[in-house]
Amino acid sequence: MSRFARIAGTGGYLPDRVRTNDDIAAQVDTSDEWIVERTGIRSRRIAGPDESASSMAEIASRQAIEAAGIAPDDIDLIIVATSSPDRVFPSTACLLQQRLNVRNCCPAFDVQAACSGFIFAFSIADQYIRSGNARRVLVVGSELNSRLVDWTDRATCILFGDGAGAVLLEASDEPGVLSTHINSDGQYRDLLYLPNASVSLDDEKRFIQMQGNEVFKVAVNTLGKIVDDTLAANHLNQSEIDWLVPHQANIRIIMATAKKLKMPMERVVCTIETQGNTSSASVPLALNEAIRDGRIQRGQTVLMEAFGSGFAWGSALIRY
Ligand code: ACO
């Protein structure tokens with residue numbers, strides 16, 4: 001009998017504090033009009049001083065666990081995608097394991113694939129379940145981007161926000177996850193990166209560095225290709241996808257991918273307007289929102305995709 005991974009529960013968390021475009025325009029030379037037109041973003045959430053990637057992950061995870069109707073000790077693998085871990089080590093996944101009081105010594109580790117981190121983590125979770133090595137896997141994307149951006153750099157500070165999303169995957173006889181595809185190409189390492197404290201840094205280099213327009217061009221082309229590859233691998237055509245749940249980096253990138261799929265924007269889950277780019281949290285946050293508000297229904301086919309630093313990109317096709 002085939003064994004599949006199926007979504008049993010989801011959760012999401014956004015900090016209370018809202019930073020609008022006007023708030024940013026009061027600090028740097030930009031405007032609400034420019035930001036909305038170029039990115040689709042109007043506001044983003046900013047974590048408070050007592051919050052962290054693990055604290056946000058905990059809230060999102062508790063929702064996913066409750067929705068799945070399981071106990072924390074039923075989880076047998078925890079994977080957290082983050083580029084803004086509380087500590088370099090131990091992993092944020094270990095910190096989450098402690099916060100959730102998972103006492104069964106299940107493996108817990110982080111995945112770092114920038115904005116594509118959740119898709120990479122989801123893909124790993126799927127492999128563990130399909131191979132029979134895990135029955136229930138908690139997959140989380142959690143990011144505290146606001147502490148990684150230079151708030152005097154108008155080219156990057158307008159884009160990012162904080163938050164966490166979580167999915168509880170469990171073994172099932174029926175799909176579930178239909179396929180995952182993940183790719184990386186390190187030749188683009190200098191177009192989008194975050195230096196680490198282990199290398200000596202000039203002050204201005206401590207934050208996210210990005211050549212936005214170059215990233216934009218590769219993102220649009222690459223996402224178009226991965227959509228084609230995903231459909232071909234599953235012998236599906238565009239009309240068979242019910243929902244697109246894209247990484248939320250820029251509304252123009254999202255619209256280009258939707259156009260490639262010939263999908264009306266009503267079938268695309270967009271959170272970018274009020275959340276900005278929450279990096280690895282954006283896909284699970286969008287998925288959770290559309291499941292909880294009833295847009296995504298059991299039995300529907302959902303395509304998730306992401307692109308980010310590395311470059312690293314990927315997709316996951318699921319029958320919810
Ligand atoms: N306000 C006003 N003007 C600005 C701002 C701003 N906030 N930022 C840049 N500009 C100016 C530039 O200085 C430039 O001026 P110039 O023509 O006088 O030199 C002009 O606007 C155009 O700049 P571009 O960078 O070419 O603008 P673009 O239309 O490409 O938009 C943006 C910039 C929004 C960053 C876009 O390129 C983008 O979204 N890129 C992709 C980001 C992305 O997908 N990242 C991947 C995920 S993130 C991750 O993995 C961590």
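By convention here, the first residue in the shown sequence is residue 1. Order of appearance sets the numbers: ligands from 1, and atoms from 1 within every ligand.
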### Query
Which side chain to side chain donor-acceptor pair (under 3.5 Å) pairs, counting each pair once, include a residue from residues 249-266, with sequence neighbours left out?
D228-K260
### Task
Answer yes or no: does atom CD of E240 have more than 12 heavy-atom neighbours from other residues, nucleotides or ligands under 6.0 Å?
yes
Polar pairs, ligand 1 vs protein, N/O only, below 3.5 Å.
residue	atom	partner	partner atom	Å
ligand 1	1 (N)	T30	OG1	2.6
ligand 1	7 (N)	T30	OG1	3.1
ligand 1	7 (N)	R154	O	2.9
ligand 1	13 (O)	R154	NH2	3.0
ligand 1	26 (O)	N213	ND2	3.2
ligand 1	27 (O)	R38	NH1	3.4
ligand 1	29 (O)	R38	NH1	2.7
ligand 1	29 (O)	R252	NH2	3.3
ligand 1	37 (O)	G212	O	3.1
ligand 1	37 (O)	N213	N	3.4
ligand 1	39 (O)	N250	ND2	2.7
ligand 1	40 (N)	G212	O	3.0
ligand 1	50 (O)	S309	N	3.0

Please tabulate, for the side chains in residues 8-18, all donor-acceptor contacts under 3.5 angstrom to protein atoms that are two or more places apart in sequence or on a different chain.
residue	atom	partner	partner atom	Å
T10	OG1	N288	OD1	2.8
Y13	OH	E51	OE2	2.3
R17	NH2	A47	O	3.0

### Query
Is the number of heavy atoms from other residues, nucleotides or ligands within 6.0 Å of CZ (R42) greater than 12?
no
## Note on the structure
K225 meets the salt bridge (charged side-chain N to carboxylate O under 4.0 Å, His left out) criterion, sequence neighbours left out, with D229
### Task
Using only heavy-atom distances, determine whether the side chains of T82 and T92 contain a donor-acceptor pair under 3.5 Å.
no
